[in-house]
Amino acid sequence: MKVSIIYDNEVWQPGLEAAWGFSCLVEVDGRRLLFDTGGQGTTLLKNMQILNLDPKSISEIFISHGHWDHLGGLADLLRLNPDVRVYLPESCPRPKDAQGVISVQGPLEISENLFSTGELPDEEQSLVVKTSTGLAVICGCSHPGVGTILKTASRFGRVAALIGGLHGFQDYALLADLELICPCHCTQHQAEIMARYPETAIKGGAGRVIEIG
Ligand SMILES: [Zn+2]
Ligand SMILES: [Zn+2]
């Protein structure tokens, strides 16, 4: 499975635009799922174009939570791909242009190797991807808490990787068993995580591609 960061607070690949927010493309099971949509449609679509990513090739969109920096690009994307399926936490207000909305409450199987943790406290869901080397968990801001997210994801197997925004997270020992950590977007204590886990923690940024399994 492959994760390509499209939208992030920082840039990895020169030429891409950085802006506050998060979005990444997850390719698994022959699907192209877009996790979150960043804060602005213009930046999202511009970065997608530079990365040679056709908005119409996206089969589904997974929205972690209703904050603007994750939902902001959705309307522009729906204009180009109106029939795309959108997985939305149940408490999140429905975007008016979305046609195929799937309201997520409990844990959910999206495809053979793709799952949602279900809506956790603070109205956020995380994406769980089964790979040959363990589970990869992708999170938006981690408002429910990294401990809660990892614990909930464990119902699907052993968590090996964590990618996304770790807002306010400081309970570093929780990451000890992971093989890959990519703390990006709103992570305030990125430097501490990198220093504590120099072998497993990597930087994120728009344009970064991570292949697992
Ligand atoms: Zn955020
Ligand atoms: Zn948030």
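All values below come from the heavy atoms of this structure, side chains included, with hydrogens, waters and symmetry mates left out. Each ligand, and each atom within it, is numbered from 1 in the order the structure gives.
Looking at Gln125 and Phe62, their side chains come closer than 4.5 Å, going by heavy atoms from C-beta outward. Looking only at side-chain heavy atoms (C-beta outward), Ser59 and Arg85 stay at 4.5 Å or farther from each other.
Of the charged side-chain nitrogens involved, at least one lies within less than 4.0 Å of a carboxylate oxygen, so that Glu179 and Arg158 count as a salt-bridged pair.
Between His185 and His70, the distance separating the two ring centers is shorter than 6.0 angstrom.
A distance of 11.5 Å separates CD1 of Ile5 from NZ of Lys203, quoted to the nearest 0.5 Å.
The Zn ion (ligand 1) has Asp69 OD2, His70 NE2, Cys141 SG, His185 NE2 as protein N, O or S atoms under 2.8 Å away.
Every pair passing ring-ring contact (aromatic ring centres under 6.0 Å, His included) that includes a residue from residues 86-135 is listed here, sequence neighbours excluded: Phe115-Phe156.
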